[in-house]
Asks: 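Got a structure for you, questions after.
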Protein chains: 2
Amino acid sequence: MKEKELRRSLSVFPIGTVMKLTDLTARQIRYYEEQQLIQPQRNDGNRRMYSLNDIDVLLEIKDYLAEGINMAGIKHIYEMQEQEQEKKQAALKRPVTDEDVRRIFHDELLQQGRLNNDEQGHSTLFHTHKPL
Amino acid sequence: MKEKELRRSLSVFPIGTVMKLTDLTARQIRYYEEQQLIQPQRNDGNRRMYSLNDIDVLLEIKDYLAEGINMAGIKHIYEMQEQEQEKKQAALKRPVTDEDVRRIFHDELLQQGRLNNDEQGHSTLFHTHKPL
DNA sequence: TTTTTATGTTATAAAACATAACATCTCCTG
DNA sequence: CAGGAGATGTTATGTTTTATAACATAAAAA
């Protein structure tokens, strides 16, 4: 499953493609980058190149905005998710106690709703938001 | 499984990205198009936009060329494959006789080697040649 | 009512791409 | 071996796309 992650993080889309796939304006996409929600790579000519993961995040941002959540709220959400990632990483770097297992398992249950929802077929052309 | 096909045929890559993913020059990519081996879409500004399927074909062409097969030979290969596709399509448009079934099944066996080989992980970054 | 947010708009410069023509190199073949 | 065809390189010119940055604005928040 490591191969798939790699492919999803390849920077292969120029902003024009991302605009079409997400139905966001260039201004919006660059603004969300300014807000640190995505960090697209740059090619040799200084052009932004986006990955499927970037597109996922952009689509999620759209959803959150549609729900009325503002930038601050969205930033908070992604900060939380980062923290959890770090926690899981840390847990793997040292002997795992039974206590750890119970805690991690508990955290995962709390997270499930937010992370695993396919939001019943967003129809989003590329059907990103995880698959692919 | 129809969704995946759709995604694989979306025209989302500019030629620059295709060059990096396939390690072909723009000249080569356009030449193979001239030879009708791929038919990339054009965006509103007349720029070629390629799909994952296009990239697959380009990588296959590279392989065939490396094997010493020339354009004519490669064209022939793809013409054959098209014919088979049409056959299968046609078979679905009218009542299928037992005879049909036997014939199609027979053809499939002959084809298997060529179509289903994963060519043991071409390592090709995007790992195209089917997956994704 | 002021600020702040989130996004639109415009101007300017550079990068990427299209087309087309000519060049070159490798095979093949007479 | 000369000459031609096939496959790709190279160069020139014009158009499209993207980057940056500044100013504008509608809606939400303070």
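Chain letters run A, B, ... following the sequence lines, proteins first, then strands; residues in each count from 1.
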Asks: Between the side chains of Q36(A) and K75(A), is a donor N or O closer than 3.5 angstrom to an acceptor N or O?
Replies: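 No pair is found: no donor N or O on one side chain lies under 3.5 Å from an acceptor on the other.
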Asks: Checking Y32(A) against M71(A) for the side-chain contact (heavy atoms from CB on, under 4.5 Å) test, could you report, in this order, the C-alpha distance in whole Å, the side-chain angles of both residues, the deciding distance, and whether it holds?
Replies: CA-CA 8 Å; Y32(A) 303 149; M71(A) 280 299 121; 3.4 Å; yes
Asks: Using modelled atom types only, decide if a donor and an acceptor are shared between the side chain of T22(B) and the backbone of V18(B) within a distance under 3.5 Å.
Replies: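 Pair found, side chain donor or acceptor close to backbone of V18(B).
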Asks: Does dG9(D) have its OP1 or OP2 closer than 4.0 Å to a side-chain nitrogen or oxygen of Y31(B)?
Replies: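 Answer is no, no contact under 4.0 Å.
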Asks: Take atom CD1 of I29(B) and atom P of dT8(D), then tell me their distance rounded to the nearest Å.
Replies: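 So the two atoms are 11 Å apart, to the nearest Å.
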Asks: Give a yes or no on whether the backbone of E60(B) and the side-chain of D63(B) come within a donor-acceptor separation of less than 3.5 Å.
Replies: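 No, the answer is negative, given that no donor and acceptor are paired below the 3.5 Å cut-off.
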Asks: What class does the angle between the rings of Y78(B) and Y64(B) fall in, given that below 30° is parallel, 30 to 60° is tilted and above 60° is perpendicular?
Replies: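 Because their plane-to-plane angle is over 60°, the rings of Y78(B) and Y64(B) count as perpendicular.
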Asks: When hydrophobic residues are tied together by side-chain contacts of less than 4.5 Å, even through go-betweens, does M49(B) share a cluster with M19(A)?
Replies: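 No; M19(A) is not reachable from M49(B) via cluster members.
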Asks: Base contacts versus sugar-phosphate-only contacts with protein, heavy atoms under 4.0 Å: please encode nucleotides 16-21 of chain D as B, S and - from 5' to 3'.
Replies: BBBSB-
Asks: Provide, to the nearest angstrom, the distance between the NZ atom belonging to K62(B) and the P atom belonging to dT8(D).
Replies: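 After rounding, the gap between these two atoms is 11 Å.
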Asks: With a 4.0 angstrom cut-off to heavy atoms of chain B, pull out the first and last contacting nucleotide of DNA chain C, in 5'-to-3' order.
Replies: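 Both ends considered, the range comes out as dA16(C) to dT19(C).
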Asks: Begin with the C-alpha distance, continue with both residues' side-chain angles, and end with the deciding distance and a verdict on side-chain hydrogen bond (donor to acceptor under 3.5 Å, both in side chains) for R42(A) and N46(A).
Replies: CA-CA 5 Å; R42(A) 298 291 184 120; N46(A) 195 38; 3.1 Å; yes
Asks: Answer yes or no: is there an ion pair linking E5(B) with R8(B), defined by an N-O contact shorter than 4.0 Å?
Replies: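 Between R8(B) and E5(B) there is no salt bridge, as every charged N stays at least 4.0 Å from the carboxylate O atoms.
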